[in-house]
Structure formats: structure tokens, C-alpha cells
There are 2 protein chains.
Amino acid sequence: MKKVELTDREERILRSIIECHIKTAKPVSSSAVVRNRSVPVSSATVRNVMRSLEDKGLILQPHTSAGRVPTDSGYRYYVDNVMEPRDLTDQERADLEGGIVGLATGDLGAVVAGVSRMMSDFARQLAVTVAPSGERELIEQVKLVSLEADRILAVATTRAGLTRSAVFELGRDEVGGSLADAAALVTEWLSGTPVGDAERTMKTRLSAVPEPTRRVIAALLETSPRLFRLRGVERVHYEGARYILRHPEFSHSAAFIGEIFDDEEALAELVKGRAERGGVSVTIGEENPKKEMKRMSLVVGSYRIGGTFGQMGVIGPTRMRYGRLVGLVDYISEIMDELFSEGGRRTRRSSDEAADGDRG
Amino acid sequence: MKKVELTDREERILRSIIECHIKTAKPVSSSAVVRNRSVPVSSATVRNVMRSLEDKGLILQPHTSAGRVPTDSGYRYYVDNVMEPRDLTDQERADLEGGIVGLATGDLGAVVAGVSRMMSDFARQLAVTVAPSGERELIEQVKLVSLEADRILAVATTRAGLTRSAVFELGRDEVGGSLADAAALVTEWLSGTPVGDAERTMKTRLSAVPEPTRRVIAALLETSPRLFRLRGVERVHYEGARYILRHPEFSHSAAFIGEIFDDEEALAELVKGRAERGGVSVTIGEENPKKEMKRMSLVVGSYRIGGTFGQMGVIGPTRMRYGRLVGLVDYISEIMDELFSEGGRRTRRSSDEAADGDRG
DNA sequence: CCTTAGCACTCTCTGGACGAGAGTGCTAAG
DNA sequence: CTTAGCACTCTCGTCCAGAGAGTGCTAAGG
């Protein structure tokens, strides 16, 4: 890819075209650029510059006598060199942080679903979230709580501060007083073990345990798929499909959008691939490997829970507000990282104090 | 509404038109009906019958020289008098039941989300679920579990067998040994109380409690919104927006579908209104009070958790497979009702045995 | 009286022609 | 290098004609 150099005036005009096109969704004429007062020249001069921008592949005309529309390369130049990631307002930041903090003690599925929802409502775009596999999260402890009748609630907490829980049934006469023993033993086995290894570890150690504790652990082991495995379906989460239907570029032929949703695994891979380097990554139109995505852009960031990374981002038409979305995704991934890092608990508690404002 | 009477032949032809139109999405010609072999007459005779059906308002021609398309009244007659709710296959029943049973111990939000997902995948339509308010569910007991560091997990179980949980923080020195006391006390207060009254009850009783138990309950009370309140956003759940985009009738102008999603409250009211009588209710096209829904049909059923009803159903174009969808919604609401009724636990446990087959 | 073959009729759909409008590219002057 | 002026090109909407689909009607047959 050849590095494109633009003069200051070219850049201003490119910017004006892109920002006007993002607002109106229509080709931008030379006179519209002049009307924007972004450059103090006539429309004829703007036309000359436009021709030069077109030669460089940054804009194009849908047809001979139309205004100009940004190309994918044009958006790329804009994202790399022109736009400034737009900061969120204090109010927006507070809303986001409050919402995410409220989710942070639940299980991974709830976190992912909640973040998707908030992100899509803020961005007014389709949001997609990929949960980290969770298999490499380290278990902190396991508790067993006797509920009413014969039901037992198993709760596992992880080093990142998340909880997973599952209910199973076991006759009261079978349990006796061995619930606490069983929980202590399992915690001893699993503390510091990755979630993904939990089942295997329990299985190998089980034989050495005397009854009646053994019976309890055996029942727990049967439930453990629900406790320790994250089903594929829970790993990818969409929210805000309605926003995509709003865009005039898709209101006519919306059928192909359905295709994007269909192959969840493929899209998850796509999102993961783009975000692995850390930071916020923007993928524009034709840069997407997936055919259905050639007319869409993707803004993704990553976050880390336990040992593994999750990704989240927004999907919309190439004509999207990159500045704002990059700012949004960046801020959300920052919150998530702080919240689920090893020292995350401190951050989490201090969020209540943050409501008082920064007087320190 | 005047009761429409049809001869046997008229009914067969109506049926043929509707079922053919559901398959092809195109107007059905007289010769297409003859080709279906549903009646042993010529196309001219079919045309005469069609005219009579058209006079009765059951079908219409989009334009003079086109075939016939069912009207909303036509679908209504078909649903009321012609179609038979199609039974699911044994495999489908087993899949559905297994899936729902797996959800039945989580919190209400997870149940609602999971059922939406399964329903939309089975129906290949947009599914919408309204959770019961949950305020009138009766609390069974409250447990407090000390997790690592200063975190405490509060778990409430309800008579219907659902669990709700929330994590809060409290300094270890502040808790002392009073966690069990606090839980026992709160359980005593709340057992048999509706979830909606829990906060108030706790608040009035708190003053009489001595330290240090009081401090624990005060902290629990602060968390109780997360434990006992279901946020509005969690009450309505959509899943499967992608299916709606597939339908040829919407692939052109998809924007208005976004409108349906926007006003969640209004749609929740609509769904609730239709399902209150119990059983499966079908609402077709113009029968819908909401403007955006005039071209859509709605198949809803209700289920009961604790004292209140929830609703769930599918939304699609009027051209939908009513027979199959009514069968599906009916079966799902049946499972839900069994699972969350007072005697539900037995059903739940017996689901493991059901895997062995019915030998009794 | 019901059914059916035959035929004229009506309406949509597609493609081409045409004028209006928008916006450009070019040229020549400042 | 910038700009005013003008010719040029392309889209979009409308209009029109021909083809095709499917009906409604009529008259003959059972």
C-alpha cells in the first residue's frame, strides 16, 4: 500500500467531503464544499482539487455528473490522518462506567450481553461482542450452598472477580453434613486452576475421596458442564440490529444483512483477528475478508479477562462516524480492562466514590 | 364480525391458495390451484369459486390480471377453521424441552433470553418474550455466601425454583460471624413475601436488629435493587431479527421494521394484551392496533411463573406458517408452565429420566 | 344448473425515448 | 494559481409501446 501525501488544502477538502457525506449520505458537490466554508476558494478550484483526490483514489464519482463520494481508501486516510477520536462527554462516561460496573460481578454471559447492549445504544449501531473463551480464567474458590428441598447451588468465583453458578439436585439424606467438606476440598483442588481444566482435575481426584463427600462431588461433576463451560452460542453476542436498518444505504436491500448474522463463528473470527494487536482497530469496507462485509466497516477493541482476550465493537455502513465510535470503543475497552484486571477490585469499589467527583 | 360459511370446495380452494402463497410469496393463479390437485375441476371453475371467495373478502387480486392473494380475513378463516396446529417431531420436542429445562434454574433474565433464542431458531422468525414482572414471585429463602476477600454473594430462591443473585462488598472486620445470622433473619422476614415487597419489608425491620448483623443487612439492602428488581430492559427480549430480513415482502423496505423494535414498551403491551386469555392467540395483519404491525402477524402464548404471567411468541409477515408456529408456541408454553408451577420441581428432576424413554 | 373451452380484455413489467436538472471539465481571462 | 462561464454528460422521472400473465365472459356441453 503506497503512502498517500496530501497538501493541507487537499486534506481539508477531503475532510469536508467525508464529513458532509457522513451527514447526508449523498454525493458531495464542489459547491457544497464551498458552502461549508472549509476552504476560502471557489467551487472551480475545489473541483480541481477533487480531481487530484480522485486520481489518488480517495474519492470517486458514482457517475460523471454527480458529486464525490469517499472511497474506502478515503475513509482510511481520514481515520489514519485526519479525524480525532472524539471524547465522550462526562455524562456519557459516567453512564457507561456505571452500567459496566453494575455488570461486573455476574457471569461472563451477562457481562457480554450487557456491554453489547450499552455499546449499541451509545453508538446507535449494531454491536457485537466476543467473550473470551473463559477457559483460562483462574478459579479462586468454589462454594456449595444448600437451597431449599434437595437443591444445591454451586458458585465458582474467578480471580477476575466474576462468578459462575449452577443448581443441581441431591437427596438431603445423601448429603449429610458433607457439603462444606466437599466445597473446601474442591476449592483446594481447583484454586488457581484454569476453568477449562476444572472438570479433568476433579475427575482424576475424585476416586481418592471417601463417602459421603464423594457423592456430593460426583453430583457437582455432573453439573460442571453448566458451571465451567461457556457454550459457543454464549460467546458471540449481537445487539441493536435495528440500527442497521435505519441506514439509507441498506433500507433497500436488507436481505444481505441477514447473511452477516448467520455465520456467527466466521464473524467472531473476523472480529478476533482484527483486535488481537490491542488498541482500537478500524476495518473499512473492502478491507474486510468476508464478502458480506465489503460494504460495512468494523470498529473493534479488545479487553482482557483472566488470561484471555475478548473483543467487542460496532458494525455499520462504511459511512459511519469513525471519530465518535473509536472514542467509544476505546473507552469501553479501557473500563473493562481496569475492571477485570488483577487489581480490578479496587477500581470496582472506588466507582462508588467516583460519584462524588474528583476532589483529590 | 360476520361469520363466514364456506362450502367444502370453497374451503379446499382457499386452503390451496393460502398454502401455495405461503410457499411462493406470489399471487396464486387458478391454474396453479388446479396443478395442486386439491380439487378435480378445471381452472375456469376455480376462477368462479375464486370470485365467490373474493366477494366474501377472503382473497383479493393485487391487480386485475394477477392471481389471488389471501387477505387478513382469509388467513383468519384459515387459522380458525382450516389449519391443524402441526405437531412437532419427537426430536424437536426433546430438543426444546432439554434446552428449556437447562435454563430453568437461572434467573428470570436468562430464562427469557434463552427461550427467545430457541423459539426464534425453531420458528425461523423473530421471537419476542415478555418476562413476568417477577414482583409477585414468592421468595423462598435468602442465603449469604462469603466469597474471597471482602465480597459476599447474596442468593435468593423463589417458590418457582428460580434463583437471583448479586454480589456486594463488605469489610471482613465488619461482618464477623454474623453472616449466617443475617441470612437466617432475612429469610425469616421474607419467606413467602413477594419479591416486590422485599425491600420495603427489610427496611422497616432493619431498625430493630442489633449490630453487627444490622450492618450486614444494611449492605444487603443497598444491593437489593440488583437482587430484587428486574429492569425494564430485561423484561422484553428479542431474538432472531435476521429472520425477518429474509422475507421477500420486507427485503425492499426494511426500515419500518426498525420502528417495531424501537418502542419496546408498546410492543410488550401488545403482546401481553393478546395472550392474557391463556392458550395460543394469533393476531393477523390489520387486526394489530399498532400501525407498524399492520403487515405482520403475531403468534403468542403465555406461561406462568409464581403469581404472574409472562408471554412469548413469534412475529413475522402475515404470510407465515401458522400451523407450525401455533404448535411450537403451544408446546413451549406448556413446558414452561409445567416447569415453573408449584409442583415444577418434580417435572424438572424427571427430565433426566425422560432420556431413558417412556417405558412406563 | 353446473362445468368447461375459447377468447377478448386488462393490467403489470420491461425497455427505449426524451426533457429537465445537477454537477462536472474545460477554456480563457484575471 | 484562481476563477467565471459555458458546454457536456449522466441520472432521474415520465411516457409510450409491446409482451406476457391471468382473468372475466360467453357459449356450448353434460
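Everything numeric here is computed off the predicted structure, so don't read it as measured data. Letters A, B, ... mirror the listed sequences (proteins, then strands); counts begin at 1.
- A donor-acceptor distance shorter than 3.5 angstrom exists from the side chain of N288(A) to the backbone of M296(A), with no hydrogens or angles considered.
- Taking the side chain of S42(A) as heavy atoms from C-beta on, and the options dA22(C), dT3(D), dA5(C), the nearest nucleotide is dT3(D).
- Nearest-nucleotide positions on DNA chain C place R47(B) closer to the 5' end than the other of R47(B) and A66(A).
- Distances were taken from every side-chain heavy atom of R51(B) (C-beta onward) to each of dC25(D), dG25(C), dC11(C); the shortest belongs to dC25(D).
- Taking every heavy atom of residues 67-75 of chain A and every atom of DNA chain D, no pair lies under 4.0 Å.
- Residue side chain T64(B) does not reach the base of dC11(C) through any donor-acceptor N/O pair under 3.5 Å, judged by distance alone.
- Distances were taken from every side-chain heavy atom of Q61(B) (C-beta onward) to each of dC11(C), dT24(C), dT23(D); the shortest belongs to dT23(D).
- Among the nucleotides dG23(C), dC11(C), dT3(C), the one closest to any side-chain atom of T45(B) is dT3(C).
- For R9(B), counting side-chain heavy atoms from C-beta on, the closest listed nucleotide (dT9(D), dA4(D), dT3(C)) is dT3(C).
- Between V69(A) and P62(A), the shortest heavy-atom distance links the atoms CG2-CG, 3.9 Å.
- Proximity of S43(A) to the phosphate of dT3(D): no side-chain N or O atom is located under 4.0 Å from OP1 or OP2.
- Considering only side-chain N and O atoms, S30(A) lies nowhere under 4.0 angstrom from the phosphate OP1 or OP2 of dG23(C).
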